[in-house]
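Structure, as structure tokens:
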Amino acid sequence: MGGTIKLVSNEGDLFELDVEVAKKSEVIREMLENCDDTGEDVPLPTISSDQLKKVVEWLEQHRGDLDRLEGVEKDYNSDNIPEWDKKFFDLSQVELFDLILAANYLDIKAMLDLLAKSVANLMKGKTAEEIRETFNIECDLTEEEIEKIQNENEWEMIADN
């Protein structure tokens with residue numbers, strides 16, 4: 001199946017994309033395989049225009065290399081993010097997490113892996129307190145629990161110095 005497909009954001013904006021590129025989304029691939037090809041637009045009710053624009057741009061940029069990545073052993077090193085992707089994912093936290101939700105909803109594994117590495121890099125080298133501040137996470141531990149954890153992991157703190 002060649003040609004193009006039109007994806008519709010939850011705001012009603014249309015994004016045209018090569019069918020083969022769109023199939024990098026497991027959700028779209030399965031939908032195309034299981035439904036009649038009526039040429040209808042594909043509504044994506046949980047994805048905003050801004051998110052969909054970024055997803056389409058990312059898919060277009062990685063048009064040729066996604067096939068190459070399939071079957072390759074996963075690289076979990078968060079330092080290994082291509083330069084283009086580092087710049088592309090240099091977003092506010094809200095935009096980054098919205099993009100993660102979109103990539104997850106569309107089941108675009110390669111994009112999700114790079115987004116996860118980007119978030120990991122935001123945490124790299126930070127203390128638990130700094131991570132809580134960065135991501136606006138409330139600490140639900142009591143002072144006693146924090147002290148107990150610090151005492152249990154005292155050797156790590158000594159090793160870091």
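Remember, it's a predicted structure, so these values are computed and weren't measured experimentally. All heavy atoms count here, side chains included; hydrogens, waters and symmetry mates do not.
Among residues two or more places apart in sequence or in another chain, the side chain to side chain donor-acceptor pair (under 3.5 Å) test is passed with E95 by S92. The salt bridge (charged side-chain N to carboxylate O under 4.0 Å, His left out) test applied to D18 returns R63, not counting sequence neighbours.
In this structure, L101 is not a member of the same hydrophobic cluster as F89, with clusters built from ILVMFWY side-chain heavy atoms closer than 4.5 Å. Cluster annotation: V8 and I108 are assigned to distinct hydrophobic clusters (Ile/Leu/Val/Met/Phe/Trp/Tyr, side-chain heavy-atom contacts under 4.5 Å, transitive). Residues L112 and V27 fall into different hydrophobic clusters, defined by Ile, Leu, Val, Met, Phe, Trp and Tyr side chains chained together at heavy-atom separations under 4.5 Å. When hydrophobic clusters are built by joining Ile, Leu, Val, Met, Phe, Trp and Tyr residues whose side-chain heavy atoms come closer than 4.5 Å, directly or via intermediates, V21 is not grouped with L14. Transitive grouping of hydrophobic side chains (ILVMFWY, heavy atoms separated by less than 4.5 Å) brings W58 and V119 into a common cluster.
Salt bridge status for K54 with E57: absent, with no side-chain N to carboxylate O gap under 4.0 Å.
If you take CD on E33 and CD1 on I28, they are separated by 12.5 Å, rounding to the nearest 0.5 Å.
A donor-acceptor pair is defined here as one N or O able to donate and one able to accept, closer than 3.5 Å; no such pair exists between the side chain of Q51 and the backbone of A102. Side-chain atoms of S25 come within 3.5 Å of backbone N or O of L106 as a donor-acceptor pair. Without hydrogens or angle criteria, Q93 side chain to T134 main chain gives a donor-acceptor distance under 3.5 Å.
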Going through the distances and angles, do L114 and F88 end up as a side chain to side chain contact (heavy atoms under 4.5 Å, CB included)?
CA-CA 11 Å; L114 290 170; F88 189 72; over 6 Å; no
Applying side chain to side chain contact (heavy atoms under 4.5 Å, CB included), run through D85 and Q61 and close with a yes or a no.
CA-CA 9 Å; D85 292 297; Q61 173 66 28; 5.7 Å; no
